[in-house]
Number of protein chains: 2
Amino acid sequence: MANGMQAPSESPGTGEQQADEVRSGRDATVTRRALVRAARRRFATDGYRATTVRQIASDVGVNVALINRYFGSKEGLFEACMNRTVDELDTANRAPVVGIDDVIGRLITHVVESPNADDPLQLLLLLRSSGDENADRIRRRTLESFTRRLAGAAGWSTGDPGTEHLLVRAQIAMATMLGLVMLRTSTGVQPAASATSDDLTGPLGEVFRVLLADPGSASRA
Amino acid sequence: MANGMQAPSESPGTGEQQADEVRSGRDATVTRRALVRAARRRFATDGYRATTVRQIASDVGVNVALINRYFGSKEGLFEACMNRTVDELDTANRAPVVGIDDVIGRLITHVVESPNADDPLQLLLLLRSSGDENADRIRRRTLESFTRRLAGAAGWSTGDPGTEHLLVRAQIAMATMLGLVMLRTSTGVQPAASATSDDLTGPLGEVFRVLLADPGSASRA
DNA sequence: ACCGGAAATCAACAATCGTTTACATGGGGT
DNA sequence: ACCCCATGTAAACGATTGTTGATTTCCGGT
């Protein structure tokens, strides 16, 4: 028994994931889409390195070689995941915003509460570093633009001298969401803070309201 | 070139870490300590799976086999890291707490601001899953007790019917810290939200004050 | 009905991982 | 000074990883 206990494998020890879409005929685009979907779940929950291409292929119920055929490499597949996440976040946030309560409600709904079960994972995916220079640059840029858009959605002017203070607040709000998702996904803490839609008036709503309120009201000297 | 571009390696692509302690003579305890220190950095920043024992050994400047000699396995080394982190967090939080500002100040100082450069990584270490059942159980239990102690330190009674509401608040506070550390460590966002010690009166202080305030004051219905 | 080509599989590769065994080396007690 | 055991090193193993080339299978147009 040379390598009998090879590696705890980060987390997929308890994680069995399967395809949720019947891939009946042999359709390239359908298979590609299924691969990206499975990959996003794996990458988000287990991280880039801990995810194996064989796992992803197995989740979809397809051979490993298809990943290299369609995406060139594991890294290419990761980039595809990033692009798709970026697109979805883009379209979701392009809708007009009415008032600060709308911003707060959207944040809580879209990120913490998650209408789609895969949605909160998108944020995690943005957080996970891949090690690949290119993918990491995309990730970082997306995260930054998202933060900036959050500040804009809150009705803050972006040219003021106190812009940095605004960004600080947006970053803290972002960090809170990230932390909640991680606390829920990566650890087993799960319960309390996930809450339901009336969170907008609960403690989480309070926090976001404080963070997104007019920074001149209560910020420091 | 069969496996020419093997794997982006999660993040250590840009991360070169070295020993910060001269290991002059041949002393087992010193070497063990150095290994744990290096391992904690690697595990916290890169995750369990992405960290290789050869990296850790190289960081210390020692042969790989010593890890298995002293800790049995990579998993054993991880467990040693967890234990040490648990101990440090324990002793750090056992000191008496005076008032809510003390709690807030400590959270910001110890976690976000980090007197010791390795301190914020401890929280990350608690967050990273290892995949090992045992280590994960330790991690989860520690995280939970930490959350509960946070609620206790805020002066909340632990027997009330509204206990769950208190835990929600503590979890959100915890998530905020976790998110900030991740935002700073795992991504390149780095700057604004790290701030300095006057954060206690800044936006981060506001958030924590809202979260740790008497839940009866502004919470929902 | 049939054949062309895309879609998917199989089998093997080089590299790297964690681990182990056998060997070298240095320092402290007698 | 000498030995001896703990400390550290070197080299190799089996398993798993990402990747690839050859092969098979199935759908669609003529």
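Since the structure is predicted, the reported quantities are computational estimates derived from the model, not experimental observations. A, B, ... follow the sequence lines: proteins, then strands. Residue 1 opens every chain.
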Interatomic distance, B:Phe78 CZ vs C:dC17 P [rounded to whole Å]: 19 Å
For atom CD1 of B:Ile56 and atom P of C:dT16, their distance in whole Å: 18 Å
Nucleotide C:dA12, atom C1' - distance to CG of A:Asn68 in whole Å: 14 Å
Partner set under side-chain hydrogen bond (donor to acceptor under 3.5 Å, both in side chains) for A:Asn63, not counting sequence neighbours: none
Min side-chain heavy-atom separation A:Thr52-A:Gln55 under 4.5 Å: yes
Contact letters for nucleotides 3-11 of chain C, in which S counts primed atoms plus P, OP1 and OP2 and B counts the base, heavy atoms under 4.0 Å: ---BBBBB-
Within-4.5 Å side-chain heavy-atom neighbours: B:Glu206 and A:Val207: no
Rounded distance in Å - CD1 (A:Ile67) to C1' (D:dT19): 11 Å
With B:Thr31 via side-chain hydrogen bond (donor to acceptor under 3.5 Å, both in side chains) - residues at least two apart: B:Arg23
Test item: B:Lys74 and B:Ile67 side chains (from C-beta on) under 4.5 Å apart, heavy atoms: no
Interatomic distance where CZ belongs to A:Arg49 and P belongs to D:dT17 [whole Å]: 12 Å
Atom-pair distance (NZ on A:Lys74; C1' on D:dT16), nearest Å: 12 Å
Student check: side-chain heavy atoms of B:Arg32 and B:Thr29 closer than 4.5 Å: no
